[in-house]
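Counting convention: from 1, in listed order, for ligands and their atoms alike. Hydrogens, waters and symmetry mates are skipped; everything else that's a heavy atom, side chains included, is used. Residue indices begin at 1 and follow the sequence shown.
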Amino acid sequence: MSEKDDFKKSGEISRKARDYAREICVVGMKHIDLVEKVEKKIIQLGGKPAFPVDVSIDSVAAHQTPNVGDTKVLEKGQVVKVDIGAHVNGCVTDTAVTVLLGPDWKDLKKAADDALKAAIEQSVPGNKIRNIGKAIEAAIKNHKYQTIANLSGHGIGQWIVHDAPSIPNYDNGDDTKLEEEQTIAIEPFATNGVGAVKDGKPDGVYRLLERRPVRLDSVRKVVSYIEKEYMTLPFSPRWLTHLQNYQFALRILEQEGVIKQYTELPEKSGGMVAQAEKSVMVGYGVLT
Ligand code: MN
Ligand code: MN
């Protein structure tokens with residue numbers, strides 16, 4: 001299979017996993033059960049998770065995900081962003097859906113969904129990247145909400161989730177033209193807050209930065225496993241529980257700068273946040 005076919009297959013898997021997530025995301029479900037079921041679904045469909053599934057609640061825009069032993073439960077009224085990535089031979093697709101667990105915030109979700117639709121229409125060969133951002137901002141403003149300017153879509157590549165270029169959620173002045181078969185993820189966020197995120201608490205998701213000699217044998221085993229299974233894609237400690245002393249190893253590796261940990265991304269002013277995301281192959285269409 002060509003790389004192009006792998007992206008298409010990956011997109012189909014991400015889309016099916018997203019539809020499945022939307023179905024099973026209900027009040028009373030544990031976050032950890034939701035992410036583990038969706039990750040399992042990705043594998044059943046013939047892909048691998050490109051990153052741990054995120055379940056970001058209310059004013060957390062992104063990067064909230066349960067770690068080992070998490071007991072949080074989905075609650076009535078919450079605005080839940082489920083963010084999912086799959087890869088086939090490293091070809092990453094990225095998609096997200098907002099699920100409302102109550103009667104409120106329908107228009108906030110609609111703002112993000114409309115923005116994504118408008119952005120996809122702009123994602124044609126030869127169009128300027130700034131026009132995607134412009135369409136997103138206009139659609140969200142149309143619903144009287146704010147776009148989140150310091151979060152953006154991105155190129156998606158082989159073994160890389162966040163590749164160049166940045167696909168902005170506002171008109172950032174980037175006159176670069178989209179090219180045929182370029183693969184990108186578009187992800188508008190709508191909020192009733194100020195329209196920015198800040199770094200929150202560490203979220204328990206890591207990624208390998210560089211391979212460096214490791215002294216301790218048990219730590220070396222963990223880093224070898226990470227490199228073999230995930231390369232530089234983000235991973236969760238939930239995926240390492242079969243390895244001896246994995247928690248100790250992660251601590252050492254983080255201290256030594258071999259791996260880095262991500263943080264949650266809450267809206268700066270505590271605003272409510274909805275997100276929509278799909279991956280697109282320019283000139284071909286929506287992958288997810
Ligand atoms: Mn995503
Ligand atoms: Mn993304």
*Tell me which N, O or S atom of D83 sits nearest to the Mn ion (ligand 1).*
OD1
*Check all N, O or S atoms of E187 and name the one closest to the Mn ion (ligand 2).*
OE2
*Just say parallel, tilted or perpendicular for the rings of Y206 and F235, cut-offs at 30° and 60°.*
parallel
*asked:* Among the N, O or S atoms of E277, which one sits nearest to the Mn ion (ligand 2)?
replied: OE2
*Hey, mind stepping through I252 and V222 against side-chain contact (heavy atoms from CB on, under 4.5 Å) and telling me if it holds?*
CA-CA 11 Å; I252 299 289; V222 171; over 6 Å; no
*So does H162 have any N/O/S atom less than 2.8 Å away from the Mn ion (ligand 2)?*
no
*Looking at F7, is K9 sitting on its ring face, NZ or CZ under 6.0 Å from the six-membered ring centre and within 45 degrees of the normal?*
no
*asked:* Out of the candidates T65, V73, I57, only one should pair with H31 under the side chain to side chain contact (heavy atoms under 4.5 Å, CB included) rule; please name it.
replied: I57
_Parallel, tilted or perpendicular, as decided by the 30° and 60° cut-offs, for the rings of H63 and Y262_ = perpendicular
*N/O/S atom name from D94 that is nearest to the position of the Mn ion (ligand 2)*: OD2
